[in-house]
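Quick notes on the structure that follows.
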Amino acid sequence: MEVVSSLVSFTLTKVLQLSRFSETKNAQSIKKMEEKALEVYDVIRTIRDPEKPNTLEELDVVSEKCVEVQELGDEEYLIIIKFSPTVPHCSLATLIGLCLQVKLQRCLPFKHKLEIYISEGTHSTEEDINKQINDKERVAAAMENPNLREIVEQCVTEPDD
């Protein structure tokens with residue numbers, strides 16, 4: 001009986017240790033994703049609006065809470081951005097999505113998959129725009145247009161560049 005009691009005690013101790021280890025590892029993972037999300041936000045917050053002299057951050061088109069990062073594998077991440085155009089009929093929402101795509105593809109130092117969406121209920125044609133800004137072929141075609149490329153460059157270039 002004493003042996004069984006010792007064995008049960010030992011097993012419980014190990015289970016509790018593993019549980020604490022798992023909780024610590026989970027907390028570290030959450031902290032890492034939050035840090036990656038802030039890193040992403042720091043890249044996009046300075047993108048300038050195509051029509052106004054303000055940044056997307058100043059216009060509340062993007063905020064820290066609009067960025068989510070999930071770990072896909074070893075040092076590979078899924079980045080989900082949900083931005084909110086300034087008005088529900090914003091004619092430049094697709095262009096803003098393109099600017100987000102271009103700047104993140106250029107600036108992020110880690111391997112990632114990118115999904116960009118208009119926040120639900122913030123634009124009258126959000127579904128169509130979401131398809132456009134997440135279609136790699138459409139993005140590539142848009143960037144081949146010299147006029148569009150120039151506008152995107154103006155929006156994504158840092159003021160001191």
Side-chain angles (χ1 to χ4, degrees), residues 22-161:
S22 178
E23 287 174 10
T24 301
K25 189 170 177 142
N26 191 33
Q28 289 172 340
S29 178
I30 290 170
K31 185 177 181 190
K32 184 177 182 182
M33 294 308 102
E34 289 172 350
E35 289 170 356
K36 290 286 182 196
L38 281 174
E39 187 176 348
V40 170
Y41 178 68
D42 280 343
V43 170
I44 65 172
R45 69 187 189 84
T46 58
I47 295 172
R48 285 189 292 288
D49 184 85
E51 285 185 313
K52 300 176 178 144
N54 305 84
T55 66
L56 297 184
E57 177 185 50
E58 292 167 343
L59 296 169
D60 286 328
V61 173
V62 296
S63 64
E64 285 182 23
K65 64 180 182 259
C66 82
V67 179
E68 179 185 342
V69 178
Q70 300 171 6
E71 196 162 18
L72 291 175
D74 189 37
E75 294 301 313
E76 184 176 4
Y77 303 92
L78 170 62
I79 299 166
I80 302 169
I81 296 177
K82 295 181 181 174
F83 71 97
S84 301
T86 54
V87 291
H89 54 277
C90 178
S91 61
L92 298 174
T94 306
L95 182 56
I96 290 169
L98 182 60
C99 291
L100 290 165
Q101 281 272 4
V102 168
K103 183 129 188 208
L104 288 169
Q105 292 298 348
R106 287 182 185 170
C107 296
L108 289 181
F110 52 85
K111 192 173 177 183
H112 62 277
K113 182 176 184 247
L114 187 56
E115 293 180 6
I116 299 175
Y117 303 103
I118 292 180
S119 296
E120 194 173 327
T122 62
H123 197 277
S124 55
T125 61
E126 67 193 55
E127 229 175 270
D128 293 333
I129 294 172
N130 287 340
K131 285 179 190 173
Q132 287 179 339
I133 59 181
N134 287 295
D135 183 324
K136 290 180 183 180
E137 290 177 11
R138 287 185 185 184
V139 169
M143 289 307 291
E144 288 176 9
N145 178 319
N147 296 329
L148 205 47
R149 187 173 54 245
E150 183 181 341
I151 293 169
V152 169
E153 291 299 335
Q154 289 172 0
C155 293
V156 301
T157 303
E158 295 291 328
D160 55 317
D161 284 355

Distance from [X] atom [atom1] to [Y] atom [atom2], nearest 0.5 Å?
X: T86; Y: D60; atom1: OG1; atom2: CG; result: 10.5 Å
X: L114; Y: Q101; atom1: CG; atom2: CD; result: 4.5 Å
X: I96; Y: C155; atom1: CD1; atom2: SG; result: 8.0 Å
X: S63; Y: K82; atom1: OG; atom2: NZ; result: 12.0 Å
X: I30; Y: E35; atom1: CD1; atom2: CD; result: 12.5 Å
X: S84; Y: E120; atom1: OG; atom2: CD; result: 11.0 Å

Closest non-hydrogen atom pair, [X] against [Y]:
X: L104; Y: I81; answer: CD1-CD1, 3.2 Å
X: H89; Y: H123; answer: C-NE2, 3.8 Å
X: A37; Y: V67; answer: O-CG1, 3.7 Å
X: G97; Y: I133; answer: CA-CG2, 3.8 Å
X: S119; Y: E126; answer: O-OE1, 3.8 Å
X: E75; Y: Y77; answer: OE1-OH, 3.4 Å

(message) Quick one, F83 with L56, criterion side chain to side chain contact (heavy atoms under 4.5 Å, CB included). Give me CA distance, side-chain angles, the key distance, then yes/no.
(response) CA-CA 9 Å; F83 71 97; L56 297 184; over 6 Å; no
Electrostatic pair [X]:[Y] at N-O distance under 4.0 angstrom:
X: K52; Y: D49; result: no
X: E158; Y: R106; result: no
X: E39; Y: K32; result: no

(message) Quick check: do V40 and F110 have side-chain heavy atoms less than 4.5 Å from each other?
(response)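 The answer is yes; the side chains approach within 4.5 Å.
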(request) Answer whether the closest heavy-atom distance between the side chains of E68 and M33 falls below 4.5 Å. (result)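 No, their side chains stay 4.5 Å or more apart.
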Could you tell me which residues satisfy salt bridge (charged side-chain N to carboxylate O under 4.0 Å, His left out) with [X], sequence neighbours excluded, listed by chain and number?
X: E64; answer: none
X: E150; answer: none
X: D128; answer: none

So does [X] have more than 12 non-hydrogen atoms from other groups sitting under 6.0 Å from [atom1]?
X: E115; atom1: CD; value: yes
X: K111; atom1: NZ; value: no
X: E127; atom1: CD; value: no

(request) Go through I118 and T125 one step at a time and tell me if the side chain to side chain contact (heavy atoms under 4.5 Å, CB included) criterion holds. (result) CA-CA 9 Å; I118 292 180; T125 61; over 6 Å; no
(request) In sequence, state the C-alpha distance, the side-chain angles, and the governing distance for K103 and T46, and then conclude on side chain to side chain donor-acceptor pair (under 3.5 Å). (result) CA-CA 10 Å; K103 183 129 188 208; T46 58; 3.1 Å; yes
(request) Start with the C-alpha gap between L98 and M143, add the side-chain angles, then the distance that decides, and say whether side chain to side chain contact (heavy atoms under 4.5 Å, CB included) holds. (result) CA-CA 9 Å; L98 182 60; M143 289 307 291; 4.1 Å; yes
Donor-acceptor pair, [X] side chain versus [Y] backbone, under 3.5 Å?
X: N134; Y: N130; result: yes
X: S124; Y: P88; result: yes
X: R48; Y: Q154; result: yes

(request) Output, in order, the C-alpha distance, side-chain angles, deciding distance and verdict of side chain to side chain contact (heavy atoms under 4.5 Å, CB included) for V62 and I47. (result) CA-CA 10 Å; V62 296; I47 295 172; over 6 Å; no
